[in-house]
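Notes follow the structure.
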Number of protein chains: 2
Amino acid sequence: MKTKNPFIQILSNFRNFELEEEKLITKHLELNNYSTRDTFLKTGERNDQLGLITSGVFRYYFYDENGSEITAHFMDVNEFVGNVACFFEYSISAGTIEALTDCEVIQISKSNWDICKNEIKDWEVIFQKIINNVLIKKTNFQRSLLNNTATESYLKFLNYYPELSNKVPLQHVASYLGMTPFSLSRVRKTISTL
Amino acid sequence: MKTKNPFIQILSNFRNFELEEEKLITKHLELNNYSTRDTFLKTGERNDQLGLITSGVFRYYFYDENGSEITAHFMDVNEFVGNVACFFEYSISAGTIEALTDCEVIQISKSNWDICKNEIKDWEVIFQKIINNVLIKKTNFQRSLLNNTATESYLKFLNYYPELSNKVPLQHVASYLGMTPFSLSRVRKTISTL
DNA sequence: GAAAAGACTTGCCATTTGGCAATTATTTAA
DNA sequence: TTAAATAATTGCCAAATGGCAAGTCTTTTC
């Protein structure tokens, strides 16, 4: 039996599709490869692609009011890559999405997405639910960072995203957790001697 | 001309409703009053009500792994009150929603919501979008707290939720921002002398 | 309206984290 | 393969925040 397209697999968690529907969806998807440091989306651009990561890691970063670079999200295997707010609202991205490793992505353009929306029942709701779940998870995690020490935050990160710590440079993890690279380096040292 | 029901008003930002639809929706809504310190939802309960706040403020709080009480959300006028994750998934709430002032709420039960879902086109998508927007806003705000000093965080809070600072006890704002009440008290002192 | 309970402020000191410079390790590019 | 650039570590000190106790102010309750 042929292995299912991972993109459809994710959607299938919310509803089963007829073979005809699967074909239609597949026809509107595109496989893309990114090398380390390639960008999926740049600041100021409209985000007209949404992709499911089948290998690799991306990060989303922007510059805050002091000009400091802040890594606000990581996007890992089996997660969607894209600035979802921009994708759905045709708005302009305030940050950049960059590949931290070589990546493979199954992606759909906004125009193809709109076609599927008209053809496939529940299409929009399914995506909304997926995004909702991601956001709820993310909000809860960020909330937990606010009331923790640096060490606790990093331990939670390790627990929450066990895959990421090996793939992502320390400086970006530090930024993501809201601490300096110096602090994170010290935290790691402390943890390693436990 | 009769003033529109605020609940329908909010939904109308996403789609216009026929008069018949509005009647149907209204029929499934209920007006409720809460006194200060009444609970909308308790830890361990299933959240089968979703409400639009027409006056007053609620907070959502839970106890973290150290047993400290953490205020994770405020819900103000024109926002929805409820644990949305629980509402849509019939799951059990990990925290309590409590009225911080006397409140008036237009609410809908899950069973009535389900009825509307079958009767009103786009019903589910509209709610998903509303929740999505709230979550995106919340995530961005929380993210900004991670890279700020206590004073900056409080100034952002004032800017972001200008109404709330007068209505909400200091201790809960402090918890929300991830600092101690002592620190927030000092921050306020500093700010007042600027 | 008085007593009690709870919330907020402030001082003092401890702890945590940040900032910067110097050093080492790792990655990139020629 | 080597030189250059970038990233990570570590020491030292400064700044920010936390913890606790005492005192004041506010709210609740009887």
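Below, read A as the first sequence line, B as the second, and so on, with proteins coming before strands; counting in each chain starts at 1. As the structure is a computational prediction, the values presented were derived from the model and not from experiment. The analysis underlying the following values was restricted to heavy atoms, covering all of them including side chains, and did not include hydrogens, waters or symmetry mates.
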Parallel under 30°, tilted from 30 to 60°, perpendicular over 60°: which one fits the rings of [X] and [Y]?
{"X": "B:F40", "Y": "B:Y34", "result": "tilted"}
{"X": "A:F80", "Y": "A:F7", "result": "perpendicular"}
{"X": "B:Y176", "Y": "B:F141", "result": "parallel"}

Can you tell which of [options] lies closest to the side chain of [X]?
{"X": "B:L170", "options": "D:dC20, C:dC8, D:dG18", "result": "C:dC8"}
{"X": "B:S185", "options": "C:dT10, D:dT10, C:dG18", "result": "C:dT10"}
{"X": "A:K189", "options": "D:dT10, C:dG11, D:dA8", "result": "D:dT10"}

Please report the distance, rounded to the nearest Å, between [atom1] in [X] and [atom2] in [N].
{"X": "A:M179", "N": "C:dT15", "atom1": "CE", "atom2": "P", "answer": "20 Å"}
{"X": "A:R186", "N": "D:dC13", "atom1": "CZ", "atom2": "P", "answer": "13 Å"}
{"X": "B:F182", "N": "C:dT9", "atom1": "CZ", "atom2": "P", "answer": "11 Å"}
{"X": "B:N148", "N": "D:dA16", "atom1": "CG", "atom2": "P", "answer": "14 Å"}
{"X": "A:H172", "N": "D:dA7", "atom1": "NE2", "atom2": "C1'", "answer": "10 Å"}
{"X": "A:Q171", "N": "D:dA8", "atom1": "CD", "atom2": "P", "answer": "5 Å"}
{"X": "A:L184", "N": "D:dA7", "atom1": "CG", "atom2": "P", "answer": "15 Å"}
{"X": "A:L177", "N": "C:dT16", "atom1": "CG", "atom2": "C1'", "answer": "16 Å"}

Pairing of B:K27 and B:E119 as salt bridge, 4.0 angstrom limit |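 Salt bridge between B:K27 and B:E119, a charged N being under 4.0 Å from a carboxylate O: no.
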
With sugar-phosphate meaning primed atoms plus P, OP1 and OP2, does A:R188 contact a base, only sugar-phosphate, or nothing at under 4.0 Å between heavy atoms?
->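 Counting heavy atoms under 4.0 Å across all strands, no contact is made by A:R188.
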
Just checking B:P169: base, sugar-phosphate only, or nothing, at a heavy-atom cut-off of under 4.0 Å?
->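 Sugar-phosphate: the residue B:P169, judged by heavy atoms under 4.0 Å, touches backbone atoms but no base.
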
Residue closer to the 5' end of DNA chain C, B:S183 versus A:T151 (nearest nucleotide) =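 It is B:S183 whose nearest nucleotide is closer to the 5' end.
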
Counting just side-chain N and O atoms, does A:T180 come under 4.0 Å of either OP1 or OP2 of C:dG18?
->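 For C:dG18, OP1/OP2 do have a side-chain N/O of A:T180 under 4.0 Å.
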
Using only heavy-atom distances, determine whether the side chains of A:R46 and A:Y90 contain a donor-acceptor pair under 3.5 Å.
->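 There is no such pair (donor and acceptor under 3.5 Å, judged by atom type) between the side chains of A:R46 and A:Y90.
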
Base of C:dG6 paired with side chain of B:R37 (donor-acceptor, under 3.5 Å) |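 By the distance-only test, no, there is no pair.
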
First encountered from the 5' end of DNA chain D, between B:T36 and B:T149 |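 Closest to the 5' end, via its nearest nucleotide, is B:T149.
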
